[in-house]
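In what follows, every chain begins at residue 1, and chains take the letters A, B, ... in the order their sequences are listed.
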Amino acid sequence: TQLLEQSPQFLSIQEGENLTVYCNSSSVFSSLQWYRQEPGEGPVLLVTVVTGGEVKKLKRLTFQFGDARKDSSLHITAAQPGDTGLYLCAGSPGDMRFGAGTRLTVKP
Amino acid sequence: GAVVSQHPSWVICKSGTSVKIECRSLDFQATTMFWYRQFPKQSLMLMATSNEGSKATYEQGVEKDKFLINHASLTLSTLTVTSAHPEDSSFYICSARDSGGLNEQFFGPGTRLTVL
(Lines give C-alpha, C1' and ligand atoms only; values in the text may rest on other atoms or scores of the structure.)
Protein backbone atom coordinates (compact mmCIF):
# COMPACT_ATOMS: atom_id res chain seq x y z
CA THR A 1 0.00 0.00 0.00
CA GLN A 2 1.53 3.28 -1.06
CA LEU A 3 1.19 6.19 1.30
CA LEU A 4 0.72 9.72 0.11
CA GLU A 5 1.61 12.36 2.64
CA GLN A 6 0.51 15.93 2.29
CA SER A 7 1.88 18.95 4.06
CA PRO A 8 1.00 21.15 5.67
CA GLN A 9 -2.17 19.63 7.06
CA PHE A 10 -3.67 23.01 7.91
CA LEU A 11 -2.94 26.39 6.40
CA SER A 12 -4.61 29.69 7.19
CA ILE A 13 -3.50 32.75 5.26
CA GLN A 14 -4.64 36.20 4.28
CA GLU A 15 -6.01 37.03 0.87
CA GLY A 16 -3.22 37.93 -1.55
CA GLU A 17 -0.58 35.70 -0.01
CA ASN A 18 1.19 32.90 -1.85
CA LEU A 19 1.36 29.31 -0.64
CA THR A 20 2.70 25.90 -1.57
CA VAL A 21 1.23 22.53 -0.69
CA TYR A 22 3.21 19.31 -0.98
CA CYS A 23 2.31 15.72 -1.78
CA ASN A 24 5.01 13.12 -1.13
CA SER A 25 5.33 9.38 -1.51
CA SER A 26 7.94 6.66 -1.65
CA SER A 27 6.16 5.11 -4.62
CA VAL A 28 6.47 5.99 -8.28
CA PHE A 29 3.26 6.91 -10.05
CA SER A 30 2.25 6.91 -13.67
CA SER A 31 0.17 9.98 -12.97
CA LEU A 32 -0.92 12.09 -10.04
CA GLN A 33 -4.16 13.98 -9.53
CA TRP A 34 -4.94 17.03 -7.41
CA TYR A 35 -8.44 17.68 -6.12
CA ARG A 36 -10.16 20.47 -4.22
CA GLN A 37 -13.18 19.83 -2.05
CA GLU A 38 -15.46 22.54 -0.77
CA PRO A 39 -17.75 21.94 2.22
CA GLY A 40 -20.76 19.78 1.44
CA GLU A 41 -19.54 18.83 -2.01
CA GLY A 42 -17.51 16.09 -3.62
CA PRO A 43 -13.87 16.66 -4.55
CA VAL A 44 -13.31 18.23 -7.96
CA LEU A 45 -10.40 17.21 -10.14
CA LEU A 46 -8.08 20.17 -10.70
CA VAL A 47 -5.30 18.61 -12.73
CA THR A 48 -3.53 15.41 -13.70
CA VAL A 49 0.25 15.41 -14.10
CA VAL A 50 1.90 12.63 -16.00
CA THR A 51 5.49 13.40 -16.98
CA GLY A 52 8.33 13.69 -14.48
CA GLY A 53 9.24 17.36 -14.08
CA GLU A 54 6.00 18.47 -15.68
CA VAL A 55 4.60 21.86 -14.74
CA LYS A 56 0.96 22.72 -15.36
CA LYS A 57 -0.71 26.05 -14.75
CA LEU A 58 -4.36 26.63 -14.05
CA LYS A 59 -4.84 30.38 -13.67
CA ARG A 60 -3.19 31.18 -10.31
CA LEU A 61 -2.46 27.52 -9.54
CA THR A 62 0.83 25.93 -10.59
CA PHE A 63 1.26 22.17 -10.30
CA GLN A 64 4.59 20.40 -10.56
CA PHE A 65 5.33 16.69 -10.77
CA GLY A 66 8.67 15.61 -9.35
CA ASP A 67 11.34 14.35 -11.72
CA ALA A 68 11.12 10.88 -10.17
CA ARG A 69 7.29 10.94 -10.27
CA LYS A 70 7.11 10.35 -6.52
CA ASP A 71 6.02 13.78 -5.37
CA SER A 72 4.16 16.86 -6.45
CA SER A 73 3.55 20.41 -5.37
CA LEU A 74 0.74 22.90 -5.77
CA HIS A 75 1.56 26.59 -5.64
CA ILE A 76 -1.16 29.20 -5.39
CA THR A 77 -0.33 32.79 -6.21
CA ALA A 78 -2.30 35.65 -4.66
CA ALA A 79 -4.71 33.38 -2.84
CA GLN A 80 -8.36 34.36 -2.75
CA PRO A 81 -11.16 33.33 -0.36
CA GLY A 82 -12.57 31.18 -3.15
CA ASP A 83 -9.46 29.00 -2.90
CA THR A 84 -10.57 27.85 0.54
CA GLY A 85 -11.09 24.12 0.72
CA LEU A 86 -9.57 20.71 1.30
CA TYR A 87 -6.83 19.88 -1.19
CA LEU A 88 -6.18 16.21 -1.88
CA CYS A 89 -3.68 14.38 -4.04
CA ALA A 90 -3.95 10.85 -5.39
CA GLY A 91 -1.52 8.76 -7.38
CA SER A 92 -2.25 6.28 -10.12
CA PRO A 93 -1.92 3.37 -10.04
CA GLY A 94 -2.97 3.41 -6.43
CA ASP A 95 -5.40 2.17 -3.86
CA MET A 96 -7.22 5.52 -3.67
CA ARG A 97 -6.81 5.95 0.05
CA PHE A 98 -6.42 9.59 0.94
CA GLY A 99 -4.40 11.08 3.71
CA ALA A 100 -5.52 14.02 5.76
CA GLY A 101 -5.08 16.40 2.87
CA THR A 102 -4.37 20.09 3.26
CA ARG A 103 -7.15 22.21 4.65
CA LEU A 104 -6.65 25.74 3.34
CA THR A 105 -8.44 28.80 4.68
CA VAL A 106 -7.97 32.11 2.92
CA LYS A 107 -9.21 35.03 4.97
CA PRO A 108 -10.48 38.17 3.21
CA GLY B 1 -14.90 16.64 -17.96
CA ALA B 2 -16.27 13.32 -16.81
CA VAL B 3 -19.38 13.46 -14.63
CA VAL B 4 -20.37 11.25 -11.74
CA SER B 5 -23.79 11.59 -10.18
CA GLN B 6 -25.10 10.44 -6.83
CA HIS B 7 -28.65 9.97 -5.74
CA PRO B 8 -30.07 11.02 -3.43
CA SER B 9 -28.09 14.10 -2.49
CA TRP B 10 -29.49 13.93 1.02
CA VAL B 11 -31.66 11.53 2.95
CA ILE B 12 -33.15 11.44 6.43
CA CYS B 13 -34.31 8.10 7.75
CA LYS B 14 -35.41 6.45 10.94
CA SER B 15 -33.13 4.18 12.90
CA GLY B 16 -33.40 0.59 11.75
CA THR B 17 -34.30 1.31 8.16
CA SER B 18 -32.12 0.70 5.11
CA VAL B 19 -30.97 3.35 2.69
CA LYS B 20 -29.68 2.87 -0.84
CA ILE B 21 -27.33 5.36 -2.49
CA GLU B 22 -26.69 5.24 -6.22
CA CYS B 23 -23.51 6.28 -7.98
CA ARG B 24 -23.50 6.65 -11.75
CA SER B 25 -20.79 7.53 -14.24
CA LEU B 26 -22.66 9.52 -16.86
CA ASP B 27 -20.28 9.74 -19.79
CA PHE B 28 -17.71 7.04 -19.27
CA GLN B 29 -17.47 3.45 -18.21
CA ALA B 30 -16.04 2.63 -14.81
CA THR B 31 -14.78 -0.85 -14.09
CA THR B 32 -13.86 0.34 -10.62
CA MET B 33 -15.76 2.61 -8.27
CA PHE B 34 -14.93 3.64 -4.74
CA TRP B 35 -17.06 4.49 -1.73
CA TYR B 36 -15.94 6.91 0.95
CA ARG B 37 -17.41 8.41 4.06
CA GLN B 38 -16.44 11.71 5.51
CA PHE B 39 -17.01 13.19 8.93
CA PRO B 40 -17.03 16.94 9.52
CA LYS B 41 -13.64 18.61 9.20
CA GLN B 42 -12.00 15.32 8.23
CA SER B 43 -10.64 13.82 5.06
CA LEU B 44 -12.20 11.06 2.99
CA MET B 45 -12.09 7.59 4.47
CA LEU B 46 -12.15 4.78 1.93
CA MET B 47 -14.83 2.23 2.77
CA ALA B 48 -14.64 -0.15 -0.14
CA THR B 49 -13.52 -0.67 -3.69
CA SER B 50 -16.23 -1.84 -6.02
CA ASN B 51 -15.39 -3.82 -9.16
CA GLU B 52 -17.95 -4.43 -11.86
CA GLY B 53 -19.21 -7.97 -11.84
CA SER B 54 -17.37 -9.06 -8.73
CA LYS B 55 -17.51 -8.68 -4.99
CA ALA B 56 -16.41 -5.44 -3.41
CA THR B 57 -13.22 -5.23 -1.41
CA TYR B 58 -13.86 -3.70 1.99
CA GLU B 59 -11.41 -1.75 4.10
CA GLN B 60 -10.48 -3.04 7.50
CA GLY B 61 -13.14 -2.21 10.05
CA VAL B 62 -15.93 -1.71 7.52
CA GLU B 63 -18.74 -4.23 7.96
CA LYS B 64 -19.59 -5.76 4.60
CA ASP B 65 -22.97 -6.99 5.85
CA LYS B 66 -23.92 -3.52 6.96
CA PHE B 67 -22.67 -1.64 3.92
CA LEU B 68 -23.80 -3.66 0.92
CA ILE B 69 -22.21 -2.74 -2.37
CA ASN B 70 -23.42 -3.81 -5.78
CA HIS B 71 -21.64 -2.91 -9.02
CA ALA B 72 -23.83 -4.59 -11.59
CA SER B 73 -22.90 -2.49 -14.60
CA LEU B 74 -20.04 -0.36 -15.88
CA THR B 75 -21.93 2.82 -15.01
CA LEU B 76 -23.70 2.05 -11.75
CA SER B 77 -22.67 1.13 -8.24
CA THR B 78 -24.96 1.16 -5.24
CA LEU B 79 -24.27 1.36 -1.53
CA THR B 80 -26.97 0.15 0.82
CA VAL B 81 -26.68 1.06 4.48
CA THR B 82 -28.66 -1.66 6.22
CA SER B 83 -30.37 -1.21 9.58
CA ALA B 84 -29.04 2.32 9.82
CA HIS B 85 -28.26 3.82 13.20
CA PRO B 86 -27.48 7.41 14.19
CA GLU B 87 -23.75 6.67 14.18
CA ASP B 88 -24.04 5.91 10.45
CA SER B 89 -24.96 9.53 9.83
CA SER B 90 -22.26 10.92 7.61
CA PHE B 91 -21.40 12.29 4.19
CA TYR B 92 -21.00 9.45 1.71
CA ILE B 93 -19.07 10.08 -1.48
CA CYS B 94 -18.49 7.79 -4.43
CA SER B 95 -15.93 8.02 -7.16
CA ALA B 96 -15.44 6.28 -10.47
CA ARG B 97 -12.22 5.52 -12.24
CA ASP B 98 -12.18 6.22 -15.96
CA SER B 99 -10.72 3.03 -17.36
CA GLY B 100 -9.51 4.72 -20.50
CA GLY B 101 -6.71 7.21 -20.79
CA LEU B 102 -5.07 8.31 -17.55
CA ASN B 103 -7.14 6.23 -15.10
CA GLU B 104 -8.39 9.43 -13.55
CA GLN B 105 -10.86 9.28 -10.70
CA PHE B 106 -13.96 11.45 -10.68
CA PHE B 107 -16.09 12.07 -7.63
CA GLY B 108 -19.81 12.34 -7.16
CA PRO B 109 -21.32 15.28 -5.28
CA GLY B 110 -21.91 13.23 -2.16
CA THR B 111 -24.93 12.07 -0.17
CA ARG B 112 -25.68 13.45 3.25
CA LEU B 113 -27.25 10.71 5.39
CA THR B 114 -28.96 11.59 8.65
CA VAL B 115 -30.32 8.77 10.77
CA LEU B 116 -32.75 9.81 13.47
Side-chain angles (χ1 to χ4, degrees), chain A residues 1-12 21-23 27-52 54 56 58 63 65 69 72 84-105, chain B residues 1-7 9-10 21 23-26 28 30-51 56-62 77 90-114:
Chain A
T1 302
Q2 97 280 20
L3 184 63
L4 276 165
E5 296 185 356
Q6 287 185 242
S7 61
Q9 191 170 340
F10 298 96
L11 190 55
S12 181
V21 174
Y22 300 93
C23 174
S27 300
V28 176
F29 297 109
S30 301
S31 65
L32 189 143
Q33 290 83 43
W34 282 95
Y35 299 86
R36 178 173 64 219
Q37 182 188 29
E38 298 186 18
E41 300 179 9
V44 174
L45 179 64
L46 296 174
V47 78
T48 297
V49 286
V50 178
T51 306
E54 179 179 8
K56 279 192 173 179
L58 185 66
F63 303 86
F65 202 13
R69 304 205 313 277
S72 181
T84 293
L86 176 65
Y87 289 79
L88 299 164
C89 63
S92 182
D95 56 22
M96 304 320 298
R97 294 187 186 93
F98 289 97
T102 294
R103 193 166 294 278
L104 171 67
T105 302
Chain B
V3 179
V4 175
S5 70
Q6 270 184 253
H7 179 80
S9 56
W10 61 269
I21 302 171
C23 177
R24 294 181 185 271
S25 56
L26 298 185
F28 66 98
T31 305
T32 305
M33 291 185 173
F34 304 88
W35 286 96
Y36 299 84
R37 67 186 297 181
Q38 185 177 35
F39 293 106
K41 303 292 186 182
Q42 295 188 19
S43 186
L44 279 66
M45 184 188 80
L46 180 65
M47 299 175 66
T49 300
S50 167
N51 294 296
T57 302
Y58 289 82
E59 293 296 292
Q60 192 172 9
V62 178
S77 177
S90 189
F91 192 51
Y92 292 86
I93 306 173
C94 74
S95 69
R97 177 180 283 162
D98 187 349
S99 306
L102 300 174
N103 273 322
E104 292 170 317
Q105 183 182 335
F106 299 93
F107 287 86
T111 296
R112 171 77 56 194
L113 170 63
T114 302

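Qualifying side-chain contact (heavy atoms from CB on, under 4.5 Å) partners for B:Arg37, counting only residues two or more places apart in sequence or in other chains: B:Phe39, B:Met45, B:Met47, B:Phe67, B:Ser90, B:Tyr92. A:Val28 meets the side-chain contact (heavy atoms from CB on, under 4.5 Å) test with A:Arg69, A:Lys70; sequence neighbours excluded.
For the atom pair B:Glu104 CD and A:Ser31 OG, the distance stands at 7.0 Å (nearest 0.5 Å). Rounded to the nearest 0.5 angstrom, A:Leu88 CG and B:Ser43 OG are separated by 5.0 Å.
If you measure heavy-atom distances from B:Ile93 to chain A, the contacts under 4.5 Å come from the side chain alone. In this structure, chain B has no heavy atom under 4.5 Å from any part of A:Val44.
Across every non-hydrogen atom of A:Arg103 and B:Gln42, the tightest pair is NH2-O, 3.4 Å. Closest of all the heavy-atom pairs between B:Tyr36 and A:Met96 is OH-O, 2.6 Å. Residues A:Gln37 and B:Phe91 approach most closely at NE2-CE2, 4.2 Å, considering heavy atoms.
Chosen from A:Gly101, A:Ser30, A:Ala100, the residue pairing most often with chain B at heavy-atom distances under 4.5 Å is A:Ala100. Per-residue heavy-atom pair counts under 4.5 Å with chain A were compared for B:Arg112, B:Glu59, B:Gln6, and the maximum is reached by B:Glu59.
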